[in-house]
Amino acid sequence: MRRSLLAGPVLEVAPRLLGMVLRSTTSEGSVAVRLTEVEAYDGPTDPGSHAYRGQTARNAVMFGPAGFLYVYFTYGMHFCMNVVAGPKGQPSAVLLRAGEVIEGIELARLRRNQPASKKSDRDLARGPARLCVALGIEREGNGTDLLAKNSPIELLDGPGFDGEPATGPRVGLREAADRPWRFWIPDDPTVSPYRPHVPKKRA
DNA sequence: CTGCAGATTATCT
DNA sequence: GATAATCTGCAGT
């Protein structure tokens with residue numbers, strides 16, 4: 001994977017990531033997934049982006065060069081991860097939403113606390129928070145260079161994906177929910193189900 | 001399959 | 001103080 005492939009406009013970079021491989025290696029072992037679903041976040045112009053209101057401690061990685069990992073914590077219990085795209089200083093990123101585990105499936109099952117079964121294996125990395133759990137990625141992964149030699153989290157040229165990606169609205173956002181910036185591999189069973197934003201009732 | 005409630009805390013206003 | 005780029009379990013179709 002060349003960094004120049006990630007340094008372009010995020011709406012071009014996002015579909016390009018479909019079929020690429022992300023591998024994470026820890027003391028427990030390695031898990032790799034083939035990416036099947038992503039979403040684009042275009043900082044300066046996108047009210048749905050964490051970078052829309054400027055730089056903060058949390059989103060600082062998005063303001064750096066392409067090819068680094070932006071990990072954030074949300075809903076009080078989940079991690080999600082993005083690949084930083086776009087030219088440096090123009091904050092944009094691609095949320096990695098789902099993948100198919102192609103290596104280290106036993107470790108992924110252990111982390112996700114799921115039994116071995118063809119039915120549940122499909123769910124191992126189906127959704128952004130599940131993807132992070134399967135790969136063992138938490139806040140210390142924030143800022144990792146995915147293209148560095150011997151990086152614990154690496155982005156590799158995978159089988160790729162020929163054909164037209166499916167597109168549609170992003171999942172779970174309140175702001176700018178209408179922009180069709182979610183991309184996925186059509187008919188792939190590991191793609192997550194669509195869920196619209198639901199405001200929380202208060203007591 | 002769909003829909004809803006509840007969990008739980010870093011982050012921003 | 002309110003909210004969130006979510007997940008799980010449970011009930012119903």
Side-chain angles (χ1 to χ4, degrees), chain A residues 10-11 13-15 17-18 22 33 35-63 68-86 91-101 108-115 117-143 165-184 187-203:
Chain A
V10 69
L11 290 177
V13 172
L17 288 175
L18 295 175
L22 188 69
V33 301
L35 299 172
T36 59
E37 180 189 0
V38 300
E39 279 176 4
Y41 287 84
D42 193 2
T45 61
D46 178 3
S49 169
H50 287 170
Y52 183 60
R53 288 170 181 84
Q55 184 168 348
T56 65
R58 175 172 73 159
N59 66 22
V61 175
M62 287 178 106
F63 289 77
F68 284 65
L69 194 68
Y70 166 48
V71 180
Y72 68 90
F73 184 67
T74 191
Y75 287 100
M77 62 196 100
H78 296 302
F79 292 97
C80 298
M81 62 178 156
N82 300 248
V83 176
V84 174
S92 66
V94 181
L95 173 68
L96 306 183
R97 287 199 55 87
E100 175 195 4
V101 177
R109 286 178 188 138
L110 190 68
R111 285 172 172 158
R112 291 266 298 117
N113 197 22
Q114 287 206 7
S117 93
K118 200 162 192 183
K119 192 168 253 186
S120 67
D121 282 350
R122 164 181 99 145
D123 289 341
L124 286 173
R126 190 184 190 214
R130 291 167 169 184
L131 179 63
C132 283
V133 172
L135 291 179
I137 291 172
E138 300 191 347
R139 52 176 6 100
E140 67 272 14
N142 189 46
T167 66
R170 295 176 292 185
V171 176
L173 277 76
R174 182 179 60 177
E175 304 285 346
D178 52 318
R179 303 189 186 188
W181 289 354
R182 176 182 180 225
F183 301 88
W184 66 94
D187 302 318
D188 191 292
T190 65
V191 172
S192 70
Y194 177 73
R195 292 193 195 80
H197 174 78
V198 271
K200 272 210 161 178
K201 285 195 300 191
R202 40 150 292 178

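Remember, predicted model here, so these are calculated numbers, not experimental data. The chains referred to below are lettered A, B, ... by the order of the sequence lines, with proteins before strands, and numbering in each begins at 1.
OP1 or OP2 of B:dT11 has at least one side-chain nitrogen or oxygen of A:Arg139 nearer than 4.0 Å.
Between the side chain of A:Tyr72 and the base of C:dA5 there is at least one donor-acceptor pair of N/O atoms closer than 3.5 Å.
Of the candidate nucleotides B:dT9, C:dT6, C:dA5, B:dT9 has the atom nearest to the side chain of A:Phe73. Counting only heavy atoms from C-beta on, A:Arg122 has its side chain closest to B:dC1 among C:dA5, B:dT8, B:dC1. Proximity note for A:Arg130 (side chain, C-beta onward) versus B:dT8, C:dA5, C:dT8: the nearest is C:dT8.
Taken residue by residue, residues 172-184 of chain A places heavy atoms nearer than 4.0 Å to DNA chain C at A:Gly172, A:Leu173, A:Arg174. Within residues 46-63 of chain A, the residues approaching DNA chain C are A:Gly48, A:His50, by heavy-atom distance under 4.0 Å.
Rounded to a whole Å, the CZ atom of A:Phe79 is 11 Å from the C1' atom of B:dT9. Residue A:Ile137 contributes atom CD1, which lies 16 Å from atom C1' of C:dA5 at whole-angstrom precision. Distance A:Arg195 CZ to B:dG6 P: 18 Å, rounded to the nearest Å. Between the P atom of C:dA4 and the OH atom of A:Tyr75 lies a distance of 7 Å, rounded to the nearest Å. Counting to the nearest Å, the C1' atom of B:dC1 and the OH atom of A:Tyr194 are 18 Å from each other. The distance from atom CG of A:Asn142 to atom C1' of C:dA5 is 15 Å, rounded to the nearest whole Å. Straight-line distance from the CG atom of A:Asp123 to the P atom of C:dG9: 11 Å, rounded to whole Å. Put simply, CZ on A:Arg126 is 14 Å from P on C:dT6, counting in whole angstrom units.
Each of A:Pro128 and A:Gly76 was assigned the nucleotide of DNA chain C with the nearest heavy atom; the assignment lying further toward the 5' end belongs to A:Gly76.
Side chain of A:Gln55 to backbone of A:Phe63: no donor-acceptor contact under 3.5 angstrom is found. Between the side chain of A:Arg97 and the main chain of A:Val38, no donor-acceptor pair closer than 3.5 Å is present.
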Convert the base pairs of DNA chain B into dot-bracket notation, remembering that pairs crossing earlier ones are written with [ ] and that bases paired across to another strand are shown as |; include only Watson-Crick or G-U pairs under 3.5 Å.
|||||||.||||.
For A:Leu173 and A:Arg179, what are the C-alpha separation, side-chain angles and deciding distance, and is it a side chain to side chain contact (heavy atoms under 4.5 Å, CB included)?
CA-CA 10 Å; A:Leu173 277 76; A:Arg179 303 189 186 188; over 6 Å; no
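Of all heavy-atom pairs spanning A:Leu131 and A:Gly99, the tightest one is CD1-N, 4.3 Å. Across all non-hydrogen atoms, the minimal contact from A:Leu18 to A:Glu37 is CD2-N, 3.7 Å.
Classified by interplanar angle (parallel below 30°, tilted 30° to 60°, perpendicular above 60°), the ring pair A:Phe73/A:Phe79 is tilted.
Rounding to the nearest 0.5 Å places CD1 of A:Ile137 at 8.5 Å from CG of A:Leu96.
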